[in-house]
Amino acid sequence: MPCTPMPVRYQNFLPEQEPDPHDYKVRLVKELIDHGAVILAKLLKLQGDGWNDERIEVHFQKQRDASDNASPHLEGVWYDKMKGLMKEIDTRLKCIPAEGHLSFLDLGCCPGGFSSYILTKNPASRGIGVSLPVEDGGHKYLLEEHLLTRHKLIFANLTKYQLNAHSVPDPDLQHLPYDIVKSPFDLVLLDGHQLRTQISAKPGDMHRLSISQLIIALRTVAPGGTIIMKLPLPHKPIAARILYMLNEISTKICRWKPMSIHANRGTFYVVAFGVGLDPKKANLATYLTGLQNLWFSLSYGGENGGGRYMTDEDLDFIIPVDGIINNHLGWLAEFGNPLWHVQVSALERLYEKNHRKQCKKSTEDAT
């Protein structure tokens, strides 16, 4: 059976291509590679190889199908993996205190693995979770019964809150619940992502969900608090600008690419410590206003006012891509190198395992 042609998005990322000066995705990648991020070139080559290999695509499609049609047993397995993932992040980055008061907000909460880990580690912690309703394709809530008294779950679509600077006359929107806005949180987790099973999904929801989570985080995090966010790898222009913003509003940011789960996928977690604590840093309120304006445009812009996807220029209020390339490329390359290394190693292991299976099958067929 012939191989599937490599999609344009990967062809354009190959370092030998001359980038279009207006294609920020390609330009940022080429500049990073030219700046010494050789491992990134290897990663993009591996990704291209994977798109050319139908067996690898079958592997990932099976994973997607299993996730979208999870049995109760598999849901439990996934729940335990998410607890392990939060433990992995915390063990490496020391972001969850074991004692003392800790209030947290978990966006994209269900099945609840992150909340379970925090509530178990810190007996004085209390949390609120927000997650897509099950009837809209969201995950089930699996938090252990003995933890329920310290945790409140709110089923809601995070993109359907009033998140503009001024109230929008839209009957589909609701105000943020009082439990969320009444007092700031020491920790805010942003792990919501677009679900393939979501019934009410609209084009552009993936981008609106990310911006919605950031707005809620900046509105609700306590001065000096912590934000943990899942992002695409930092050679993507959107991720690079969000990283820059988090670095500007916090005392420090750290990163971790999970090795226990999704090591071969293009995401990682950033932890921003001391948010809003340094008066010499950028004004958090300025970024919040920019995000709120963008949320409105993404929700009500586009053809017939039905919403739109994000463009490369939408985050220029944080910093233009040229600003990253001209002034912060070394910082971004240093930040991204360990993350790209993890995915390269994971993809190499996956390809080698797949190759061995194929060789074994060929040998068995021959005999």
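Side chain of N122 to backbone of I118: no donor-acceptor contact under 3.5 angstrom is found. Formation of a donor-acceptor pair under 3.5 Å by the E75 side chain with backbone atoms of K140 is not found in this model. Panel note: side chain N283, backbone A285; a donor-acceptor pair is recorded below 3.5 Å. A donor-acceptor distance shorter than 3.5 angstrom exists from the side chain of T251 to the backbone of F273, with no hydrogens or angles considered. Not one N or O on the side chain of R265 forms a donor-acceptor pair closer than 3.5 Å with the backbone of Q343.
For H73, the NE2 atom is loosely surrounded, since the number of other residues' heavy atoms within 6.0 Å does not exceed 12. Annotation: K42, atom NZ; neighbour count of heavy atoms from other residues, nucleotides and ligands within 6.0 Å does not exceed 12.
For an aromatic pair to be called close, the ring centres must be under 6.0 Å apart, and H262 with W256 fails this.
Under the 3.5 Å distance criterion, with hydrogens and angles disregarded, no donor-acceptor pair is assigned to the side chains of H139 and W78.
Ion pair K87/D90 not flagged as a salt bridge, since none of the NZ, NE, NH1 or NH2 atoms sits closer than 4.0 Å to an Asp/Glu carboxylate oxygen. A salt bridge between D49 and K45 is present, with a side-chain N of the basic residue lying under 4.0 Å from a carboxylate O of the acidic one.
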Apply the test side chain to side chain donor-acceptor pair (under 3.5 Å) to residues Y117 and E88: give CA-CA distance (whole Å), side-chain angles for both, the deciding distance (0.1 Å), then the verdict. CA-CA 11 Å; Y117 173 81; E88 182 183 344; over 6 Å; no
Walk me through whether F317 and T289 qualify under side chain to side chain contact (heavy atoms under 4.5 Å, CB included). CA-CA 10 Å; F317 69 91; T289 299; over 6 Å; no
Tell me, with the steps shown, if D314 and R308 meet salt bridge (Lys or Arg N to Asp or Glu O under 4.0 Å). CA-CA 11 Å; D314 277 331; R308 64 176 180 83; 2.8 Å; yes
Show, in sequence, the C-alpha distance, side-chain angles and deciding distance for F185 and I128, and conclude whether the side chain to side chain contact (heavy atoms under 4.5 Å, CB included) test is met. CA-CA 10 Å; F185 294 92; I128 296 176; 3.9 Å; yes
Give the intermediate values and the outcome of side chain to side chain contact (heavy atoms under 4.5 Å, CB included) for residues K257 and L233. CA-CA 9 Å; K257 176 145 182 54; L233 289 176; 4.1 Å; yes
Would Y161 and W295 count as a side chain to side chain contact (heavy atoms under 4.5 Å, CB included) if you check the C-alpha gap in whole Å, the side-chain angles of each, and the deciding distance to 0.1 Å? CA-CA 11 Å; Y161 283 125; W295 174 87; over 6 Å; no
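The residue from M82, K81, K83 that alone fulfils the side-chain contact (heavy atoms from CB on, under 4.5 Å) condition with L85 is M82.
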Distance-only donor-acceptor hits, side chain of residues 164-182, under 3.5 Å, sequence neighbours excluded:
from, atom 1, to, atom 2, distance (Å)
N164, ND2, H166, O, 3.2
D170, OD1, D172, N, 2.9
D170, OD2, Y300, OH, 2.7
D179, OD2, K152, NZ, 2.3

Please list every donor-acceptor pair under 3.5 Å in which a side-chain atom of residues 238-247 meets a protein atom from a residue at least two apart or in another chain.
from, atom 1, to, atom 2, distance (Å)
R241, NE, P237, O, 2.8
R241, NH1, D312, O, 3.4
R241, NH1, D316, OD1, 3.2
R241, NH1, I319, O, 3.2
R241, NH2, D312, O, 2.5

Give the table of side-chain donor-acceptor pairs shorter than 3.5 Å for residues 103-113, with sequence neighbours excluded, one pair per line with atom names and distance.
from, atom 1, to, atom 2, distance (Å)
S103, OG, D186, N, 3.2
S103, OG, D186, OD2, 3.2
D106, OD2, S115, OG, 2.8

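Between S297 atom OG and M310 atom CE the span is 10.0 Å, to the nearest 0.5 Å. A distance of 7.5 Å separates CG of L294 from CD1 of I215, quoted to the nearest 0.5 Å. For the atom pair D322 CG and Y24 OH, the distance stands at 5.0 Å (nearest 0.5 Å). From L119, atom CG reaches atom CZ of R150 across 5.0 Å, with rounding to the nearest 0.5 Å. From H35, atom NE2 reaches atom CG of L40 across 13.0 Å, with rounding to the nearest 0.5 Å. Interatomic distance, CG of L329 versus CG of L28, reported as 7.0 Å (0.5 Å rounding).
At a threshold of 4.5 Å between non-hydrogen side-chain atoms, the residues Y79 and E144 count as touching. Contact check for Y269 versus L93: no side-chain heavy atoms found under the 4.5 Å cut-off. Using a 4.5 Å heavy-atom threshold, the side chains of I216 and L190 count as separate.
Under the 4.5 Å side-chain contact rule for hydrophobic residues, L277 and L187 do not share a cluster. Note on V26: it does not cluster hydrophobically with V38, by side-chain heavy-atom contacts below 4.5 Å among ILVMFWY residues.
W331 and H328 have perpendicular rings, their planes meeting at more than 60° on a 0 to 90° scale where under 30° would count as parallel. The aromatic rings of F155 and Y141 lie perpendicular to each other, with more than 60° between the two planes, well past the 30° mark.
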